[in-house]
Amino acid sequence: MSDSFQTIPGTFDILPDAQSSSAGTVAPSHAWQHVEGTIRRVMQRHGVREIRTPILEPTALIARGIGQLTDIVSKEMFAFERGDAHYVLRPEVTAPVMRAYLQHHLAQLGGVQRLFYVGPCFRAERPQKGRYRQFHQFGTEYIGADDARADAETILLAVDIYRELGLTDFTVRLNSLGTAATRPAYKAALTAYLRPLAGQLSETSRERLESNPLRILDTKSEAERKLLEAAPVMLDFIDEESRAHYKDVKKHLEAAGLSFEEDPFLVRGLDYYTRTAFEIDSPVLGAQSTLAGGGRYDLLASEIGSKQEVPAVGFAAGMERLFLALEAAGIVLPEAAAPDVFVVTLGDRATDHAFPLIRAWRQSGLSVVYDLKGRSMKAQMREANRQQARRVVILGDAELDAGMAQLKQMDTGEQQSVPLSGLPGLLSAAT
RNA sequence: GUGACCGUAGCUCAGUCGGUUAGAGCGCCAGGUUGUGGCCCUGGAGGUCGGGGGUUCAAAUCCCCUCGGUCACCCCA
C-alpha cells in the first residue's frame, strides 16, 4: 500500500459496482447516471438547456465574481500559474456561466437564457461528510430575467428534481437580501446592534463585525443565535421594489403549493447575491445540511465586466449530498442494466465462430457479453448468472457442426435447441 | 488551518495482562457434475497486521514519528 498510488484526499473514484470502502465512492456509476438522467429530464421539461464550461477558468473571474473577501477565494481555491496566466479549478459554476453568457453575447439571442450544468468543482477544504475537494454540482442559471416567476421557478425546479428522485424530506428556506443600495443601511444597523454585545461573540464573529457582519447571521453557535433573536431584520431595510419582488416570489411559490420557511437570517456565502436567497436543507446530512442553495445575483454581470446590468437567478446543488440524502431516505436507485445475452462457447472452433456473431448481435442493438478468460463452461455459466444475463446462448463444436445452438432462459432454466440462423430473430424478440 | 477518533485479507470485522506457521464470514478461484448458473459440500488463492523507527529474548499487541481515513470546527454544494 505504501508504494502504490491513491486518490488525492477529498477526491474519489466512481466505480461500476458499489464498494463500501473507506475512501468511499459515494455511489456506483450507474447511480450517477440515473440521477443525472433525472436532472436532465426535469431540466428539459422546463426548457432549460445544458451548458458546459471549462473546468479551468481565469483566477480573476472567480475572484471578482464571487468576491475577493469570501473564504472560497481567499483560502479555498486550487489556483496556479503558468507564465503570466493565472488559472483556477472552478470552485463553482455560476461565474463561469455568466462569463460564457457575456463572452458569446447570448443576450443578443433575445429572451431569457435558461441554462443548466452538471459537473465537477474544486475547493481546497478539509474533507468531511458531504464535503469533498473535488465535488459535483448541478444547477441552473436563468440569465436576463428579473421577473419574480424566474426566482420561483428556479426554486421549484430544484424541488421537482428532488421529488422526482423520491426525496421528500427537505425544507426550503427563503429570504430577501435587498439590493446593493439598501444593504449598507442594514449592515450599519446590525453592526450597531451587535457592537455592544461584542464581548459575548466568538472570535470569528468579532472579526466579522468589522469585515462582513452579515455572515454572523448564519452562525451555528446557540449562544449567538440567542443574541440575534432581537437583532434588526434585513426585510425591514430593503427597498419597496425588492419588497414587492419578494412578495411576488412568495405568491408564486404558494400558488405552486410549495411550503417554505421564511428565514430572516439566511445569507449566502458569495458576494454577488441580491434580493432572493434560498436554501434547501436535508435533516439527514449532518453538519453539511445544505442540499442546494441559490438566489438572485443581479450584480454579478457588472462585477465581471458587463457594461449593462444583467438580472439573473439560479441555484447550485451538490451531487454527493444528494446521494447521502437518498441513501438516508432509504431510496433504492435502479440497478444497472443487465446484459440481454451471455454467450458461452466450448471449443476453439465454436469460440472463433461466435466472435463475429456477437459483434453482429451487438450492432443490432443487443447487449451481449461473453467470457474473455477462456474458462470452463461452468465458470462461464457462473459469470452469466453473476451478470444477471437474461438469456444464455451456448455454442459448442457439436452444435456448430449441426448449425444449431442452445438458447437458455436463465430465470426459468428452460433450454431449447435452435438453428443458428434463427437466433437473431429469437434474441431480439422480447423476453 | 485546528481538534477528536480510527487504520488486521477485495469487503465487514475478530484477535492487546506482548509468546510458536495471524483468523472468521462474505466475495473470488477450482473441484464435486468427461458440456450447464443460482442452493449445498470440499479444497485453494489472497495479508511485509498503513509505513518507518524504538523498547524487548519475542511486537498486530507497548512507545515515538509519519502517511491515510472518518467526523467536527471553519466554510459551504
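Quick note on labels: first sequence line is chain A, next is B, and so on, each numbered from 1.
If A:Gly130 and A:Pro9 are placed on RNA chain B by their nearest nucleotide, the residue sitting closer to the 5' end is A:Pro9. Positionally, the nearest nucleotide of RNA chain B for A:Glu414 lies more toward the 5' end than for the other of A:Met319 and A:Glu414.
Within the 4.0 angstrom heavy-atom criterion, no nucleotide atom of any strand lies near A:Leu322. Counting any heavy atom pair closer than 4.0 Å across all strands shown, A:Gly347 reaches no nucleic acid atom. Using a 4.0 Å heavy-atom distance criterion, A:Arg386 is classed as a sugar-phosphate-only contact. Among the heavy atoms of the strands, none lies under 4.0 Å from A:Ala384. As judged by a 4.0 angstrom heavy-atom cut-off over every strand, A:Gly413 is placed among the base-contacting residues. The residue A:Pro91 sits apart from the nucleic acid: no heavy atom pair falls under 4.0 Å.
Taking atom NZ on A:Lys75 and atom P on B:rC73, their separation rounds to 14 Å, with Å as the unit. Atom CD in A:Glu224 sits roughly 13 Å away from atom C1' in B:rC74 (whole-Å rounding). In this entry the distance linking CG of A:Leu15 with P of B:rC11 reads 11 Å, nearest Å. Rounded to an integer number of Å, the gap from A:His136 NE2 to B:rA77 C1' is 12 Å. Rounded to whole Å, atom C1' of B:rC67 lies 9 Å from atom CD of A:Gln6. Remark: P of B:rG37 and CD of A:Gln380 are 12 Å apart, rounded to the nearest angstrom. Taking atom CD of residue A:Glu383 and atom P of nucleotide B:rG38, one finds them 12 Å apart after rounding to whole Å. Look at CG on A:Asn385: it is 13 Å from P on B:rC40, rounded to the nearest Å.
Comparing the P positions of B:rC57 and B:rG15 gives a spacing of 29 Å, expressed to the nearest Å. A distance of about 23 Å separates the C1' atoms of B:rG50 and B:rU56, rounded to the whole Å. When the C1' atom is used for both B:rC17 and B:rA59, the distance is 14 Å, rounded to whole Å. B:rG46 and B:rA22 have their P atoms separated by 14 Å, with the value rounded to a whole Å. Here, B:rC71 and B:rG10 have their C1' atoms 25 Å apart, quoted to the whole Å. B:rU8 sits 29 Å from B:rC41 when the P atoms are compared, rounded to a whole Å. Look at the C1' atom in both B:rC62 and B:rA58: the space between them is 13 Å, to the nearest Å. Taking atom P in both B:rA30 and B:rG23, the straight-line distance is 25 Å, to the nearest Å.
Using modelled atom types, no side-chain atom of A:Gln113 and backbone atom of A:Gly144 make a donor-acceptor pair closer than 3.5 Å. Between the side chain of A:Asp147 and the backbone N or O of A:Arg149 there is at least one donor-acceptor pair closer than 3.5 Å. Between the A:Asp298 side chain and the A:Ala312 main chain, a donor and an acceptor come within less than 3.5 Å of each other. The backbone N or O of A:Gly130 lies less than 3.5 Å from a partner atom in the side chain of A:Arg321, making a donor-acceptor pair.
Judged by distance alone with a 3.5 Å cut-off, a donor-acceptor contact links the side chain of A:Glu125 to the base of B:rA77.
B:rA59 is unpaired under the Watson-Crick or G-U wobble criterion, no partner having all donor-acceptor distances under 3.5 Å. Across all strands shown, B:rG1 forms a Watson-Crick or G-U wobble pair, both distances under 3.5 Å, with B:rC73. When Watson-Crick and G-U wobble pairs are counted only if both distances are under 3.5 Å, B:rA14 pairs with no nucleotide at all. For B:rA9, there is no paired nucleotide, since no Watson-Crick or G-U wobble pair has both relevant distances below 3.5 Å.
Side-chain atoms of A:Tyr132 and A:Glu320 form no donor-acceptor pair, as typed in the model, at a separation below 3.5 Å. A donor-acceptor contact closer than 3.5 angstrom links the side chains of A:Ser205 and A:Glu224. Defined by atom type and a distance below 3.5 Å, a donor-acceptor pair is present between the side-chain atoms of A:Ser242 and A:Arg275. A side-chain donor from one of A:Glu141 and A:Tyr297 sits under 3.5 Å from a side-chain acceptor of the other.
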Next item on the list: Report the C-alpha distance between A:Arg362 and A:Ile358 in whole Å, list the side-chain angles of each, state the deciding distance to 0.1 Å, and finish with yes or no for side-chain contact (heavy atoms from CB on, under 4.5 Å).
Entry: CA-CA 6 Å; A:Arg362 284 170 170 169; A:Ile358 288 166; 3.7 Å; yes
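In this model, the phosphate group of B:rC73 is approached by a side-chain N or O of A:Gln128 to a distance below 4.0 Å at OP1 or OP2. Put simply, A:Arg131 has no side-chain N or O that comes within less than 4.0 Å of OP1 or OP2 on B:rC74.
Comparing B:rG37, B:rA77, B:rC73 by their closest approach to the side chain of A:Arg126 singles out B:rC73.
Residues A:Phe342 and A:Ala384 come closest through the heavy atom pair CG-CB, 3.4 Å.
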Next item on the list: Any chance you could list the contact pattern along nucleotides 31-36 of chain B? Use B for base contacts, S for sugar-phosphate-only contacts and - for none, protein heavy atoms under 4.0 Å, 5' to 3'.
Entry: -B--BB
